[in-house]
Amino acid sequence: MPETNTAFTNGYEFAQGAGYALPEYPFVEPPELRTGEAKRHAVAIVGGGITGLTLACALARYGVKAVLLDEDNTVGVKGASSRGICYAQKTLEIFKCLGIYERIAAKGVQWSVGRTFAGADEVYAFDLRQQQTHSLSRQPPFINIQQFYVEGFLVEQLCRAAPQDRLVDIRWSHRVTASSRTRISRRCSWKPRPAYSLEAEHVIDCSGSRSPFRAWCGATVTAQQGDDRWCIADVRFKNPPPVERHTWIEAPFNEGRAVWQHLMADGVWRIDYQMPPHANPKTSAARTWCAPA
Ligand SMILES: Cc1cc2nc3c(=O)[nH]c(=O)nc-3n(C[C@H](O)[C@H](O)[C@H](O)COP(=O)(O)OP(=O)(O)OC[C@H]3O[C@@H](n4cnc5c(N)ncnc54)[C@H](O)[C@@H]3O)c2cc1C
């Protein structure tokens with residue numbers, strides 16, 4: 001397996017200045033390009049998001065070798081806000097098995113109190129610590145952390161061993177552009193560097209909601225796009241609110257529409273504002289939003 005010179009996320013401060021500074025992983029020439037031969041792999045995972053990286057870590061735990069291909073060269077999404085933020089107990093138990101739970105617990109924020117408001121009235125509240133008395137889990141009910149941290153920890157876990165001993169060959173900047181079934185394998189090609197093919201006993205599609213595999217496989221999908229629009233903001237407060245999840249079903253400061261407020265790592269709060277149906281993202285982004293203190 002080639003040396004990847006992975007830019008580890010250790011020591012990265014993700015939330016600096018105006019946005020997140022995500023790690024960048026280098027492109028490494030794969031053996032297929034060097035030799036011109038279509039190498040055969042046991043498993044090819046397409047997509048290095050949280051699904052693909054978790055799967056790769058789980059396979060490695062069972063000693064299964066895999067090649068993972070991602071079209072991007074980083075975790076998270078460049079230029080975007082946080083995405084997934086809230087990791088529940090069962091997920092945390094899985095991360096414990098995969099060896100990254102301690103890092104998530106150290107970086108993330110535990111919370112247990114949730115409050116729901118309609119206007120100025122609190123209409124519902126819960127405290128998950130009460131439920132914990134009946135739980136046998138060693139993990140808390142929830143930890144909040146930005147998704148790219150979890151992805152970064154998974155990458156580092158996969159790259160902990162010396163390059164020659166790694167079970168998963170992560171290939172950044174490798175876009176899968178085609179996939180076809182042959183008798184016992186699939187053959188894939190990659191762009192924009194010189195295209196090459198590889199074969200795999202199993203190809204696992206983890207390329208997200210816009211996966212091209214459905215078209216390639218001829219799979220039918222029944223999906224509907226709703227008219228719900230959300231403006232997502234990651235902010236820091238000078239006077240931080242309490243470490244509680246707050247939900248407004250009717251927020252007076254958002255024209256009576258919903259707002260979600262969660263604390264994440266680095267003292268960053270994630271505020272989700274529900275927008276009017278069919279809101280124009282360009283004009284919405286230009287508005288000044290005032291988060292509750
Ligand atoms: C703004 C926003 C906010 C969100 N908030 C939340 C939240 O609060 N809570 C929550 O649970 N979820 C949230 N989500 C959803 C969550 O981020 C997704 O469910 C999650 O990222 C799905 O993970 P995934 O690995 O399946 O797909 P993705 O994260 O989409 O990863 C797919 C990967 O595949 C790669 N890829 C795609 N096509 C190819 C190709 N042809 N070749 C090679 N690689 C390819 C991409 O580079 C990417 O790395 C949010 C999403 C967004 C956009």
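Just follow the structure's listing: the first ligand is 1, and inside any ligand the first atom is 1.
- In terms of hydrophobic clustering, with Ile, Leu, Val, Met, Phe, Trp and Tyr side chains grouped at heavy-atom distances under 4.5 Å, Val113 and Val109 are assigned to different clusters.
- Proximity of Cys86 to ligand 1 is not established, as no heavy-atom distance is less than 4.0 Å.
- Classified by interplanar angle (parallel below 30°, tilted 30° to 60°, perpendicular above 60°), the ring pair His262/Trp260 is parallel.
- Under a 4.0 Å criterion applied to the non-hydrogen atoms of Thr51, ligand 1 contributes the atoms 23 (O), 24 (P), 25 (O), 26 (O).
- The closest approach between any non-hydrogen atom of Arg210 and ligand 1 is not below 4.0 Å.
- Taking the six-membered ring for Trp and thresholds of 30 and 60 degrees, Phe27 and His174 have nearly parallel ring planes, at less than 30 degrees apart.
- Classified by interplanar angle (parallel below 30°, tilted 30° to 60°, perpendicular above 60°), the ring pair Phe142/Trp111 is parallel.
- Below 3.5 Å of separation, one finds no N or O of Gly52 facing any N or O of ligand 1.
- Put simply, no part of His262 is less than 4.0 Å from ligand 1, judged by heavy atoms.
- If you look at Ser209 next to ligand 1, there are no close heavy atoms at all, none under 4.0 Å.
- Here is the list of ligand 1 atoms found below 4.0 Å of a heavy atom in His174: 43 (C).
- In summary, the atoms of ligand 1 found under 4.0 Å from a heavy atom of Gly208, numbered by their order in the structure, are 27 (O), 30 (O), 32 (C).
- A continuous path of Ile, Leu, Val, Met, Phe, Trp and Tyr side chains, each step under 4.5 Å between heavy atoms, connects Phe117 with Tyr124, placing both in one hydrophobic cluster.
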Verdict with supporting geometry, Glu93 and Arg138, salt bridge (charged side-chain N to carboxylate O under 4.0 Å, His left out): CA-CA 8 Å; Glu93 288 170 5; Arg138 294 190 169 196; over 6 Å; no

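- Of the heavy atoms in Leu53, none comes closer than 4.0 Å to ligand 1.
- Less than 4.0 angstrom separates some heavy atom of Cys206 from each of these atoms of ligand 1: 32 (C), 33 (C), 34 (O).
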